[in-house]
Structure formats: structure tokens, C-alpha cells
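Values below: every heavy atom of this structure, side chains too, minus hydrogens, waters and symmetry copies.
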Amino acid sequence: MNNKSKPIIYQLLPRLFGNMNANCKPGGTYTENGSGKLNGITANVLKSIKDLGVTHIWYTGVIEHATKTDYSAYGIKPCNPHVVKGNAGSPYAIRDYYDIDPDLAEDVRGRMGEFDDLVARTHREGLKVIIDFVPNHVAREYASDAKPREVEDLGVRDDVAKAFDRDNNF
């Protein structure tokens with residue numbers, strides 16, 4: 001892109017974009033409805049998007065968010081189903097800013113690698129990457145299992161005896 005070019009941004013929600021299930025149930029579970037995968041955004045897909053004149057891809061919903069899908073077998077603490085919006089959850093209820101949504105991975109344990117590969121594929125096609133990130137859109141049960149050791153989770157030092165305190169995160 002030169003200085004005279006106008007950026008053209010293509011927003012892509014991977015969990016919908018590559019989901020090939022033609023029979024999704026409203027309010028269905030992950031097992032019933034499935035999810036698009038990061039690996040489904042192939043070089044051919046990216047090339048076809050670039051051929052539209054796109055310069056940037058805005059990946060939405062890739063950061064790990066609250067869901068009713070149980071990933072405890074992978075060391076991910078389950079969410080309280082009473083505070084999750086729908087079965088799939090909302091991509092704006094972030095539960096771990098340092099991790100990728102396991103629904104989007106072919107291999108849950110390798111989800112960060114799959115994301116890194118997607119970013120590399122996107123760049124190889126000559127496209128820039130934008131990650132949808134809204135710092136204050138946090139799940140009620142935020143707890144990172146992927147953060148650096150020196151980083152403290154949100155709310156760890158909150159005074160839980162107070163319904164509201166200016167120094168509390170939640």
C-alpha cells in the first residue's frame with residue numbers, strides 16, 4: 001500500500017465464516033452447530049479476499065471468550081453457564097486476553113500455533129492483520145491460563161465485601 005492508497009478493511013468472524021454446518025439450530029451447542037476454524041482461512045480464501053481490493057483483514061472473535069462449551073480436558077476452567085450469553089457466548093465477553101478461542105482450533109492444545117499460522121498466511125498474501133480487541137469487554141469470570149507469570153488477573157485484589165469500589169475491577 002502506498003501513501004495514496006485507501007485502506008480497505010474486510011471484517012471476518014472466523015466462527016461463522018468457515019462454519020460449513022448448513023443445519024445450525026438457534027441456541028444450539030457447539031456439537032450441534034459447529035464452528036469455523038482458523039485453519040479454514042486458507043491461502044486461497046485470503047487471495048480471493050485480497051482480489052476484492054482488500055488491504056487489511058479485521059479478525060473478530062479470536063480472543064478467548066466465555067462459552068458454555070466444556071474445555072476442562074484441556075486445562076481451561078469451565079464458565080458458569082448462568083452468566084454466558086447463549087451457548088457459544090459473545091466474542092465481547094473476553095475471559096483471557098492472552099489466549100485464542102478454543103472453538104476456532106482444529107487442535108485445542110495447538111490453538112496459539114494455529115493463530116500464528118493464520119497471521120503468517122495473511123501476511124504472505126500481502127494483507128495486514130487487525131485483531132478485534134476491546135479492553136473493557138470482559139467476561140464476568142475473567143481468569144487467564146495463558147498470561148505471563150508476572151501479570152495479575154483482573155479483580156484479584158478487589159474488595160469483594162463491597163458491591164462497588166472505585167479501586168475494584170469488577
Side-chain angles (χ1 to χ4, degrees), residues 9-50 54 56-149 151 153-154:
I9 301 170
Y10 186 98
Q11 185 176 11
L12 191 150
L13 180 64
R15 85 174 182 197
L16 294 180
F17 183 84
N19 190 354
M20 298 303 165
N21 184 353
N23 300 307
C24 290
K25 289 176 49 180
T29 65
Y30 173 80
T31 303
E32 294 167 325
N33 289 345
S35 176
K37 304 294 180 186
L38 300 175
N39 289 346
I41 306 166
T42 65
N44 287 339
V45 166
L46 293 167
K47 182 184 179 329
S48 69
I49 292 171
K50 184 175 181 182
V54 170
H56 297 69
I57 295 194
W58 176 13
Y59 291 115
T60 303
V62 296
I63 300 172
E64 185 182 353
H65 62 272
T67 179
K68 290 183 184 173
T69 306
D70 184 359
Y71 287 104
S72 58
Y74 300 95
I76 300 169
K77 181 182 170 195
C79 297
N80 178 337
H82 300 293
V83 295
V84 176
K85 183 179 180 180
N87 283 318
S90 167
Y92 295 106
I94 302 300
R95 70 178 300 202
D96 190 344
Y97 281 119
Y98 295 90
D99 210 346
I100 296 300
D101 181 21
D103 285 350
L104 304 178
E106 297 287 343
D107 171 21
V108 172
R109 292 191 204 294
R111 63 192 177 276
M112 289 300 292
E114 289 182 27
F115 175 71
D116 290 342
D117 291 346
L118 172 62
V119 171
R121 274 194 309 280
T122 305
H123 288 157
R124 277 195 301 275
E125 291 305 319
L127 296 161
K128 305 268 188 203
V129 172
I130 301 169
I131 302 302
D132 198 27
F133 168 78
V134 183
N136 67 337
H137 287 193
V138 181
R140 289 179 64 174
E141 298 180 306
Y142 183 93
S144 177
D145 56 18
K147 67 180 172 36
R149 204 179 287 279
V151 173
D153 273 336
L154 297 172

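For Lys147, the NZ atom is densely surrounded, since the number of other residues' heavy atoms within 6.0 Å is greater than 12. Counting heavy-atom neighbours within 6.0 Å of Tyr74 OH, excluding the residue itself, gives a total of 12 or less.
Salt bridge absent: Lys37 and Glu106 never bring a charged side-chain N and a carboxylate O closer than 4.0 Å.
A side-chain contact (heavy atoms from CB on, under 4.5 Å) with Ile63 is found for exactly one of Val134, Asp132, Ile131, Asp99, namely Ile131.
Counting only heavy atoms from C-beta outward, the side chains of Ile100 and Leu38 approach each other to under 4.5 Å. Ile41 has its side chain within reach of Leu46: a pair of non-hydrogen atoms, C-beta onward, lies under 4.5 Å apart. Side-chain contact between Asp101 and Pro91 is absent, with no heavy-atom pair separated by less than 4.5 Å. Looking at Asn87 and Tyr30, their side chains never come closer than 4.5 Å, going by heavy atoms from C-beta outward. Here the side chains of Glu64 and Asp145 are in contact, with some heavy-atom distance below 4.5 Å. Looking only at side-chain heavy atoms (C-beta outward), Lys25 and Asn33 come within less than 4.5 Å of each other. Counting only heavy atoms from C-beta outward, the side chains of His56 and Leu127 never approach each other to under 4.5 Å. With a 4.5 Å cut-off on side-chain heavy atoms, Leu154 and Val138 count as touching.
With 3.5 Å as the limit, one finds no donor-acceptor pair spanning the side chains of Asp103 and Ser35. In this model, a donor atom of one side chain and an acceptor atom of the other lie less than 3.5 Å apart for Asp70 and Ser72. Counted by atom type alone, Tyr59 and Thr122 present one or more donor-acceptor pairs between their side chains at under 3.5 Å.
Residues meeting the side-chain contact (heavy atoms from CB on, under 4.5 Å) test with Val119, sequence neighbours left out: Phe115, His123, Val129.
Between the Glu114 side chain and the Asp107 main chain, a donor and an acceptor come within less than 3.5 Å of each other. Checking side-chain atoms of Glu32 against main-chain N and O of Thr29 turns up a donor-acceptor pair under 3.5 Å.
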side-chain contact (heavy atoms from CB on, under 4.5 Å) for Ile57 and Lys128? Distances and angles first, verdict last. CA-CA 6 Å; Ile57 295 194; Lys128 305 268 188 203; over 6 Å; no
After noting the C-alpha distance and the side-chain angles of Leu12 and Trp58, does the key distance pass the side-chain contact (heavy atoms from CB on, under 4.5 Å) rule? CA-CA 6 Å; Leu12 191 150; Trp58 176 13; over 6 Å; no
Applying side-chain contact (heavy atoms from CB on, under 4.5 Å) to Cys24 and Asn19, what does each step give before you reach the verdict? CA-CA 10 Å; Cys24 290; Asn19 190 354; 4.0 Å; yes
Without placing hydrogens or testing angles, list every side-chain donor-acceptor pair under 3.5 Å for residues 75-85, not counting sequence neighbours.
from  : atom 1 : to    : atom 2 : distance (Å)
Asn80 : OD1    : His82 : N      : 2.8

